Amino acid sequence: MSDKKRSIIKTSLLVGFATVIIYVLFTNLSDIKKSGEALSIGDDAPDFQLINLEGETVKLSDYRGQGVLLNFWATYCPPCKKEMPYMQNQYELFKEKGVTILAVNVAEPQPVVEKFVGEYGLTFPVLLDLNQETMDLYDVAAIPVSFLIDENGKVVDRLSASLTESQIADYMEQIMPEYEIDKTFINQ
């Protein structure tokens, strides 16, 4: 084979590889953009189905009509540990006002999560995302992350940091259903 033919073959292979690499990069960037767009403020919160610590199936859509603070966390995460007692305190104050907390544990064994929940005295629903599918659905890369979801199932905000107790109270008030706010003013 002549040097010219070898050069043409090498060039063709390089162009082919470059085309494949560009296609893969473009496809991945498009997917990242799409997943980010799926979680824009005002969009419908993606529904999911997970198992709670009692082995029951729970869906986000089961909580339609309530405000939901959706928190992604793990027992090994120091900021998560710090905010859990605050969440418990605020859950006790807001659960009768139409606001709940769904704490999605990411990829830890159930006994580890149960021990943590017992030690911290948590009574809000704790869900197990063993395969991180819900974490991926919500495009969560680092924890803790919380999403505020209103009574209509719309994303109100994404909070990518550990929360103080006063912040949790403010956020839960922000997603309190309208009818609950109206009843609060009427009863005063």
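As the structure is a computational prediction, the values presented were derived from the model and not from experiment.
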Subject >> Chi angles and distances behind the salt bridge (charged side-chain N to carboxylate O under 4.0 Å, His left out) call for Lys154, Asp44 >> reply: CA-CA 4 Å; Lys154 302 284 186 191; Asp44 289 331; 2.8 Å; yes
Subject >> Any donor-acceptor N/O pair, Asp129 side chain to Glu133 backbone, under 3.5 Å >> reply: yes
Original post:
Is a donor on one side and an acceptor on the other found under 3.5 Å between the side chain of Thr164 and the backbone of Gln167?
Top reply: yes
Original post:
Do Leu122 and Phe116 have side chains that get closer than 4.5 Å, going by heavy atoms?
Top reply: yes
**OP:** Rounded to the nearest 0.5 Å, what's the gap from OG1 on Thr57 to CD on Gln49? Could you check?
**Re:** 5.0 Å
Original post:
In this structure, which one of Tyr171, Phe48, Tyr138 forms a ring-ring contact (aromatic ring centres under 6.0 Å, His included) with Phe147?
Top reply: Tyr138
Subject >> Non-hydrogen side-chain atoms of Leu53 and Gln110 separated by less than 4.5 Å >> reply: yes
Subject >> N/O donor-acceptor pair under 3.5 Å between Gln88 side chain and Thr123 backbone >> reply: yes
Subject >> Nearest-0.5 Å distance, CD of residue Glu165 to CE of residue Met87 >> reply: 11.0 Å
Original post:
Checking side chain to side chain contact (heavy atoms under 4.5 Å, CB included) against Leu50, which of Leu128, Leu130, Asn131, Leu127 comes through?
Top reply: Leu127
Original post:
Do you know the tightest heavy-atom contact between Ala169 and Gln90?
Top reply: CB-OE1, 3.2 Å
Original post:
Side-chain contact, heavy-atom cut-off 4.5 Å: Trp73 with Ser162?
Top reply: no
Original post:
Between Tyr76 and Val112, is there a shared hydrophobic cluster once you connect ILVMFWY residues whose side-chain heavy atoms come closer than 4.5 Å?
Top reply: no
Original post:
Where do Asp136 and Gln132 land on the side chain to side chain donor-acceptor pair (under 3.5 Å) test, with the steps shown first?
Top reply: CA-CA 6 Å; Asp136 292 342; Gln132 298 182 350; over 6 Å; no
Original post:
Tell me, do Pro125 and Val58 make a side-chain contact under 4.5 Å, heavy atoms counted?
Top reply: no
**OP:** Go through the steps for Gln174 and Asp157 under the test side chain to side chain donor-acceptor pair (under 3.5 Å), then give the verdict.
**Re:** CA-CA 10 Å; Gln174 186 178 344; Asp157 207 349; 5.3 Å; no
**OP:** For a side chain to side chain contact (heavy atoms under 4.5 Å, CB included) with Leu69, tell me which candidate from Val156, Ile149, Ile101, Leu102 qualifies.
**Re:** Ile101
Subject >> Sole residue of Thr100, Val99, Leu93 in side chain to side chain contact (heavy atoms under 4.5 Å, CB included) with Met172 >> reply: Val99
Original post:
To the nearest 0.5 Å, how far apart are CG in Leu39 and CZ in Arg158?
Top reply: 6.5 Å
Original post:
So, Thr75 versus Glu108: side-chain donor-acceptor pair below 3.5 Å or not?
Top reply: yes
**OP:** Enter the distance from Ile41:CD1 to Leu148:CG here, rounded to the nearest 0.5 Å.
**Re:** 9.0 Å
Subject >> Pairwise distance OH(Tyr86) to OG(Ser166) - rounded to 0.5 angstrom >> reply: 9.5 Å
Original post:
Can you check whether Ala103's main-chain N or O pairs, donor with acceptor, with Asn71's side chain at less than 3.5 Å?
Top reply: no
Original post:
Has the side chain of Gln66 got a donor or acceptor atom that lies under 3.5 Å from a matching backbone atom of Pro177?
Top reply: no
**OP:** Report yes or no: does Asp62 contribute a side-chain atom to a donor-acceptor pair with the main-chain N or O of Lys59 at less than 3.5 Å?
**Re:** yes
Subject >> Joint cluster assignment, Ile51 & Leu137, ILVMFWY side-chain distance < 4.5 Å >> reply: no
